[in-house]
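Following: one structure in structure tokens, then a few remarks.
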Amino acid sequence: METPERILILDFGSQYTQVIARRIREANVYSEIVPYSTGARKIASLRPRGIILSGGPASVYAKDAPKPDPEIFNLGIPILGICYGMQLLAHFLGGEVAKSQRREYGRGLLQVDRKCGLFRGLSGSIEIWNSHGDKVTRLPRGFKAAGKTENSAYAVVQKGNIFGLQFHPEVAHTPRGREIIHNFVKGVCGCKGTWTMSSFIDKTVEEIRDKVGKDRVILGLSGGVDSSVAAALLHRAIGGQLVCILVDNGLLRANEVESVKRIFGKGLGLKLKVVDASDRFLSRLRGVSDPERKRKIIGTEFIRVFEAATRSVGKAKFLAQGTLYPDIIESVSIDGNPAALIKSHHNVGGLPKRMKFKLIEPLSQLFKDEVRAVGEALGLPKEMVWRQPFPGPGLAVRCLGPVDRAKLQILREADAVVVEEMKLSGWYYKIWQSFAVLLPVRSVGVMGDERTYDFTIAVRAVESQDAMTADWAKLPYDLLGKLSTRIINEVKGVNRVVLDISSKPPATIEWE
Ligand code: XMP
């Protein structure tokens, strides 16, 4: 395959490195993240159109500060240094960087120098996002300032095709930052922008084939977007060498197993093994009401069932997972301290090391919307690609208190009504999530001439960008009315429906 136009990103440990890569993909240009220590010769051999030095938490003066091979500045390839990357430029090319006790953090206004190629199409002052400690105090020879903020005369520096930005153009808080990055990639580096999600698929398919050879790959298919797209991608690459395992834990939504069988088994012709382990899960969960214990039990049981299933399908060398980039940043922190644990998300990195598989994670550089674009390009149906997230522990964390088959059945039916009405009204695809929660609360009602004493269903519907924060969705009254009437009329065991109007934080999206 022809080498695509590529931009290399040298990673100095910024939490935003992948966001830079994503912004470049949005310009339809292929980008690759490489360790900061990659040598200049290796870099030259990859023939990038441009190099970006990412930000990073270090100070250039620190003893073990990550530094690039200084020869990269002599390659004649356009370079953009962002934040720490800019300080490295200054440090290596003869400027001065001052240590600062205080971090400059937050919004600022940048006065743009219109003559600078990075600002084509921009003028006046633009909002930017800062997050830096040290700053450049003297420019290296030949450099000029091409933008300033109230706090810094050197917020943007340039010499020929080498640029430094003190702020972060890649984050959403720099609203015109995407244009700045695109100006670098296209205007300065001359990329045409012909790379697409189908180029991603072609490249990844080749990589998977190279890596896997003739061996077998196992994948745990949950029916969610991520594992489904990973399965379709691997299936395209290696066909019958992929075996998918769907564990039915008894906590899945209505018709889940059937729809996975229909789309993947019948539709794609993929090898699918469905393990009905609902008895095992439900008997371990009997009487357990503590949310964390429920999650732990489900996580442990999943591993056991999955391990046994992998043994039964025969020898496999690889385990594939639909891990996305946000899963990685949420579960690992750069300084090695585990991020504060709010809920244990068992399906991220949860499989034990003793399962001696090599991992394949073909989506690990992508964000959710990019994964959806890959799914569409692979021809997966809309109902699969655009489905809302569903937690690994399934309905167990939406059935408050101890779970049993009867309560799960009530919840499953109520949830199916919510999903159906949300889809019919078009709201399902507009918001982040919408589902039913079964409360272990009974209240009195009257149906026909009879007194009832039944459960309550809470409807949870939230808007969100990334699930880190969320707001309750303002669904129209007639839709809410329909949900309530249908659930109470159609679901035996429910006589009351309430609406959850809490945002996250302080509530979470799921109730447990
Ligand atoms: P919370 O309840 O923490 O949920 O606000 C944030 C998002 O994560 C989903 N979620 C999970 N996803 N395994 C998952 O794969 C889990 O254990 C899990 N728990 C919550 C939740 O549905 C929401 O989208």
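Numbering of ligands and ligand atoms starts at 1, following listing order.
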### Query
What atoms in ligand 1 come closer than 4.0 Å to a heavy atom of Ala467?
6 (C), 7 (C)

### Task
Would you check, one step at a time, whether the test salt bridge (charged side-chain N to carboxylate O under 4.0 Å, His left out) holds for Arg405 with Asp279?
CA-CA 10 Å; Arg405 279 193 193 271; Asp279 283 340; 2.6 Å; yes

### Task
Sort out for me which residue in Gln388, Gln433, Lys504 forms a side-chain contact (heavy atoms from CB on, under 4.5 Å) with Val462.
Gln433

### Query
Can you list the atoms of ligand 1 that are under 4.0 Å from a heavy atom of Gly392?
13 (N), 14 (C), 15 (O), 16 (C), 17 (O)

### Query
Can you find an N or O of Ile509 that's nearer than 3.5 Å to an N or O of ligand 1?
yes

### Message
Quick check on Trp432 - does any of its heavy atoms sit under 4.0 Å from an atom of ligand 1?
### Response
yes

### Task
Give the numbers and elements of all ligand 1 atoms closer than 4.0 Å to a heavy atom of Pro393.
16 (C), 17 (O)

### Task
Mind jotting down which residue pairs meet the salt bridge (Lys or Arg N to Asp or Glu O under 4.0 Å) criterion with at least one end in residues 493-502? Sequence neighbours excluded, please.
Arg460-Asp500

### Message
Using a 4.0 Å cut-off to any heavy atom of Thr508, which atoms of ligand 1 qualify?
### Response
1 (P), 2 (O), 5 (O)

### Query
Quick one: does Arg295 get a heavy atom under 4.0 Å from ligand 1?
yes

### Output field: ring centroids Trp129/Tyr105 closer than 6.0 Å
yes

### Query
When the ring planes of Tyr30 and Trp195 are compared, do they come out parallel, tilted or perpendicular, using 30° and 60° as the limits?
tilted

### Query
Are any of the side-chain nitrogens in Glu170 or Arg23 under 4.0 Å away from the carboxylate oxygens of its partner?
no

## Note on the structure
Nearest non-hydrogen contact to atom 6 (C) of ligand 1 from the set Met468, Gln433, Lys504 belongs to Lys504

